[in-house]
**Student:** 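Provided herewith is a single structure, encoded as structure tokens, for subsequent inquiry.
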Protein chains: 4
Amino acid sequence: MNVTVLIGRLTRDPEVRYTPNSQMAVATFTLAIDRPTGKDKEKQTDFPRITVFGKQAENCERFLAKGRLVGIQGRIQTGSYKNKEGVTVYTTDVVANNVQFLEWGEKREADNGFAGDTGIPEGFSSVDDDMIPF
Amino acid sequence: MNVTVLIGRLTRDPEVRYTPNSQMAVATFTLAIDRPTGKDKEKQTDFPRITVFGKQAENCERFLAKGRLVGIQGRIQTGSYKNKEGVTVYTTDVVANNVQFLEWGEKREADNGFAGDTGIPEGFSSVDDDMIPF
Amino acid sequence: MNVTVLIGRLTRDPEVRYTPNSQMAVATFTLAIDRPTGKDKEKQTDFPRITVFGKQAENCERFLAKGRLVGIQGRIQTGSYKNKEGVTVYTTDVVANNVQFLEWGEKREADNGFAGDTGIPEGFSSVDDDMIPF
Amino acid sequence: MNVTVLIGRLTRDPEVRYTPNSQMAVATFTLAIDRPTGKDKEKQTDFPRITVFGKQAENCERFLAKGRLVGIQGRIQTGSYKNKEGVTVYTTDVVANNVQFLEWGEKREADNGFAGDTGIPEGFSSVDDDMIPF
DNA sequence: TTTT
DNA sequence: TTTT
């Protein structure tokens, strides 16, 4: 059993890649979720990273943007990759099997992030067909 | 909203630390959760890291051991720390607010891991009172 | 373990009662949640009944209204009562421990439902202190 | 969004029916889940009813029995039927899309419940193809 | 008895 | 660095 449900806002526009073989869309983004905290403590926020595959990834690209509110149903997925120094980095993501758009309206102009700054974790920059979870 | 429910087996005995001020117990361990995968694909497993605070942490120390099956109800918590090279490492854990023991029996002899090998992520090696989430 | 997470719209304004002794607020309402269904099948909707206690119940009264979108985190609670014919009726509700308002704006004018039509299930019409789940 | 995760024990052996057209297996059973309650209050238990379809229903029939511990991932489904007095009865069930067996061993001898006492709610006694949720 |  |  591995179930996660989140409601939060995108910290940036989603990034979309395509797997080399099946050309399946893979969208990734990060949610900001405020932690319910006693009034004495300072506000804290969690930033889980979300991965979406296939048709839903394409819809995320079309309809989501920085700041938009979404509900996610998915599961925790762990992995690892070697960074350019050759050291192993461990990752923990939420792979969504259901993304619910809780706010609509005109899609915002894309973030004017420049090319080198994708917001995508290094280990995911080359999405691959064996990442597809079904 | 930030809800996670997991059922899996401990990859090692839990590790327990105490916060310096309140002397609250903090247990950490990793679960192995097999991914339900088509029979054609090879078996895959996720390894989310769990953190438990307080009385429940003490019970984890007493009753859990490597291989034991547990149910976790919690939420995803993200954080970061600087490693000894000064580079920021991002972490994603599940902070449990409910641990359900699904197997009992004699607690196993502890893993004969030697002192330097705690299995605890570097960023957590000094647990601190401001980690307490309530 | 008993965890439920829902996102849906209120079918009516919430109803609020107070327990006789502690005078704790108890809000009840029903959510409409569309079932994701193949395009060939007709649209289907589930209508789980939600119960909220205490401060959150008061906030539901203030901020929620028919049609409003909410997220619920809670657990399934079953019970039973005898109706006026003396036959036992079994109930299944979701007791919320967290209600997240996903839409704001002016609270709508109340439904012009007349007095005898509370929308509250018979077994709940007399809320009682021993219903308080904490 | 409509997500429920439960861990509990069967109150009876599962009952299995087949839909008239597709001859798909439909298993139903009730879980007992103890409510975590302060030590002052008396112990309380919830009894949600579970419905499982298809191959998983067949596995439930083969491997589950009264008292066995299971994990359920599913969603809340509401419905209604008319009883023999012609009065409408509303139902709330959990439709499982994943049943995890948390205990194994020899399947127990079936409950010696007599024929007229199926433990299945009246409204479900004639399972029908349009109940299949996919 | 049902919501957008 | 991984469990049955």
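If you're wondering where the values come from, they're calculated on a predicted model, not measured in any experiment. Below, read A as the first sequence line, B as the second, and so on, with proteins coming before strands; counting in each chain starts at 1. The figures here come from the full heavy-atom set of this structure, side chains too, leaving out hydrogens, waters and symmetry mates.
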**Student:** Calculate the interatomic distance between A/N2 atom CG and F/dT2 atom P; express it in whole Å.
**Tutor:** 19 Å
**Student:** Quick one: pull up CD1 in C/I72 and CD1 in C/I50 and give me the separation to the nearest 0.5 Å.
**Tutor:** 5.0 Å
**Student:** Tell me the interatomic distance from B/F29, atom CZ, to F/dT1, atom P, rounded to whole angstroms.
**Tutor:**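 So the CZ-P distance, B/F29 to F/dT1, works out to 21 Å.
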**Student:** Would you check if C/L31 and C/F47 make a side-chain contact, meaning some heavy-atom pair closer than 4.5 Å?
**Tutor:**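 Contact flag for C/L31/C/F47 side chains = no.
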**Student:** Can you tell me the distance, in whole Å, between the CZ atom of B/R12 and the P atom of F/dT4?
**Tutor:**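 My rounded result for the distance is 13 Å.
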**Student:** Might you work through the side-chain hydrogen bond (donor to acceptor under 3.5 Å, both in side chains) test for C/T51 and C/T28, ending with a clear yes or no?
**Tutor:** CA-CA 5 Å; C/T51 306; C/T28 54; over 6 Å; no
**Student:** If you only use heavy atoms from C-beta on, which nucleotide in F/dT2, E/dT3, F/dT4 is closest to the side chain of A/Y90?
**Tutor:** F/dT2
**Student:** Going from CG on B/D46 to CD1 on A/I76, what distance comes out if it is rounded to the nearest 0.5 angstrom?
**Tutor:** 8.5 Å
**Student:** Give one of base, sugar-phosphate or nothing for A/T88, where a contact means two heavy atoms less than 4.0 Å apart.
**Tutor:** nothing
**Student:** Please pick, from F/dT3, E/dT4, E/dT2, the nucleotide with the shortest atom-to-atom distance to any side-chain atom of B/R9.
**Tutor:** F/dT3
**Student:** Could you check how far CD of A/Q100 sits from C1' of E/dT3, rounded to whole Å?
**Tutor:** 13 Å
**Student:** When the distance from CD of C/E103 to C1' of E/dT4 is rounded to whole Å, what number comes out?
**Tutor:**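 Result: 8 Å.
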**Student:** Would you kindly check whether a donor in the side chain of B/K43 faces an acceptor in the base of F/dT2, or vice versa, at under 3.5 angstrom?
**Tutor:** no
**Student:** What is the distance from CZ of B/F47 to C1' of F/dT4, rounded to the nearest Å?
**Tutor:**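 These atoms are roughly 12 Å apart.
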**Student:** Looking only at N and O atoms, is any donor in the side chain of C/T30 or the base of E/dT2 less than 3.5 Å from an acceptor on the other one?
**Tutor:**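 Such a pair does not exist between side chain and base.
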**Student:** To the nearest Å, how far apart are A/L102 CG and E/dT3 C1'?
**Tutor:** 15 Å
**Student:** Whole angstrom is fine here: how far is it from CD1 in C/I50 over to P in E/dT2?
**Tutor:** 17 Å
